[in-house]
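Some notes on the structure that comes next.
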Amino acid sequence: MKIIEEVRNAGSIAVGGHIRPDGDCVGSVMGLYLYLKKELPEAEIDVYLEKPSEIFDCISHIEDIKSEFNNVDLNKIYDVFIVLDCADDRMGEVRPLFQNARKKINIDHHISNPGCGDLRIVEPERSSTAELLYDLMDAAAVDAETAKALYIGIIHDTGVLRYSNTSPHTLQIMAELIKFGFDFSDLIEKTFYEKTYVQTQIMGRAILESVRFMHDRCIVSMVSRRMMEFYQVTSNDLDGIVNQLLSVKGVDCAIFMYETGTLEYKISMRSNGKVDVASVAMRFGGGGHVRAAGCTMNGTYHDNINNLAIGIAEQLDIE
Ligand code: AMP
Ligand code: MN
Ligand code: MN
């Protein structure tokens, strides 16, 4: 199946992703947007997403993203709306645009997503939505700018081709993408590894204050709103902390949470495969993958740890 066949006759098309968009979400959404714009020059094509981190400013036409939802007409009816890297429940404020569209397409790789809309392409064995999208595109019609966006998506969801979701096919696609000659080394450095000074400081603080429990097989850390104010950081600046916590020798499961409101926390979990963190996150209305998942929880920091620990302990066979 090729995506172009599903949208060829559409006069108006919109592409969107999930709230707090990560590299795969931004890369996929922009990759598909650039591809469709080139393939269907007559069509009206819009792209909706919460404002991405400025590390993604290197993606062509990133400024076309409609992020100011106040100025968006939520009653507009698109011929096709394609939502990527999530189900429509994580779209945020533009969800009505998807629901009102004449044709709704969902392309994702989250095991926790049953799919939504009229056409549901959810393949959990894929490293990333960007990888899946590349196969849904006509390779001959992919240009350097689309390739770069998809490359960023794959790099971010595979932790630079390090996570176990990386397959031989992922690497074959990466080989095709780097043939376009963009400076992939610089892209990886600037979008994945480089941190600002305050990002480095808050990561240091979170690591310093981390605590191990469950016979040292779990590790947890938290960043409060007060800390975020002190270091002048936003949630975008906290990426990478949970992965760093999982790197501690002997740890099977890492939990990182930051305060989003009064008694409200955004939870990120990572595992080395011994714990299915998606199933833990799903108990609290979240989801994700076996080794990387998230949710939002209400309650105190310690209540949240206790509640998450129940599902983790069951899987680690700890009383
Ligand atoms: P995070 O730790 O927030 O970066 O998320 C890890 C993985 O879980 C990513 O693939 C997210 O897309 C997914 N995820 C995070 N939060 C949720 C949620 N509330 N519902 C479904 N999937 C989520
Ligand atoms: Mn994502
Ligand atoms: Mn993804």
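Start at 1 and go down the list; that is how both ligands and their atoms are numbered. These figures come from a predicted structure and were not determined experimentally.
At least one N or O atom of Gly287 sits closer than 3.5 Å to an N or O atom of ligand 1. Between Thr296 and ligand 1, no N or O atom pair is found at a separation short of 3.5 Å. At least one N or O atom of Lys266, backbone or side chain, sits closer than 3.5 Å to an N or O atom of ligand 1. The shortest N/O to N/O separation between Ser268 and ligand 1 falls below 3.5 Å. Considering backbone and side-chain N/O atoms, Arg270 comes within less than 3.5 Å of an N/O atom of ligand 1.
Its N, O or S atom nearest to the Mn ion (ligand 3) is what matters here, and for His109 that atom is NE2. The atom name of the N/O/S atom in Asp22 closest to the Mn ion (ligand 2) is OD2. With respect to the Mn ion (ligand 3), Asp24 has OD2 as its nearest N, O or S atom. The nearest N/O/S atom of Asp157 to the Mn ion (ligand 3) is OD2. Restricting His18 to its N/O/S atoms, the shortest distance to the Mn ion (ligand 2) is reached by NE2.
Contact atoms of ligand 1 toward Ala293: 2 (O), 6 (C), 7 (C), 8 (O) (distance under 4.0 Å to a heavy atom of the residue).
Side chains of Asp276 and His289: a donor-acceptor N/O pair is absent below 3.5 angstrom, by distance only. Checking Glu209 against Ser221 by side-chain atom types alone, no donor-acceptor pair falls below 3.5 Å.
Look at Asp85 and the Mn ion (ligand 2): an N/O/S atom of the residue is under 2.8 Å from the metal. Not one N/O/S atom of His110, from backbone or side chain, sits under 2.8 Å from the Mn ion (ligand 2).
Among all protein heavy atoms, the one lying closest to atom 17 (C) of ligand 1 is Gly294 O, 3.3 Å. Residue, atom and distance of the protein heavy atom nearest to atom 7 (C) of ligand 1 are Ala292 O, 3.4 Å.
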Worked verdict on Arg8 versus Glu42 for salt bridge (Lys or Arg N to Asp or Glu O under 4.0 Å): CA-CA 10 Å; Arg8 197 179 297 285; Glu42 303 295 314; over 6 Å; no
Step-by-step salt bridge (Lys or Arg N to Asp or Glu O under 4.0 Å) determination, Arg126 to Asp135: CA-CA 11 Å; Arg126 297 292 193 153; Asp135 282 331; 2.8 Å; yes
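Considering only non-hydrogen atoms, atom 11 (C) of ligand 1 lies nearest to His110 out of His110, Met269, Met257, His289.
Taking a 6.0 Å sphere around CD of Glu63, one finds it holds more than 12 heavy atoms contributed by other residues, nucleotides or ligands. The neighbour count for Tyr231 OH, taken as heavy atoms of other residues, nucleotides or ligands under 6.0 Å away, is above 12. Summarising the local packing, OH of Tyr197 is surrounded by 12 or fewer heavy atoms from other residues, nucleotides or ligands at distances under 6.0 Å. Other residues, nucleotides and ligands contribute only 12 or fewer heavy atoms inside 6.0 Å of the NZ atom of Lys274.
Side chain of Asn165 to main chain of Thr158: no donor-acceptor pair is present (N/O by atom type, distance under 3.5 Å, no hydrogens or angles).
Hydrophobic clustering, with ILVMFWY side chains joined whenever heavy atoms are under 4.5 angstrom apart, groups Met297 together with Val277.
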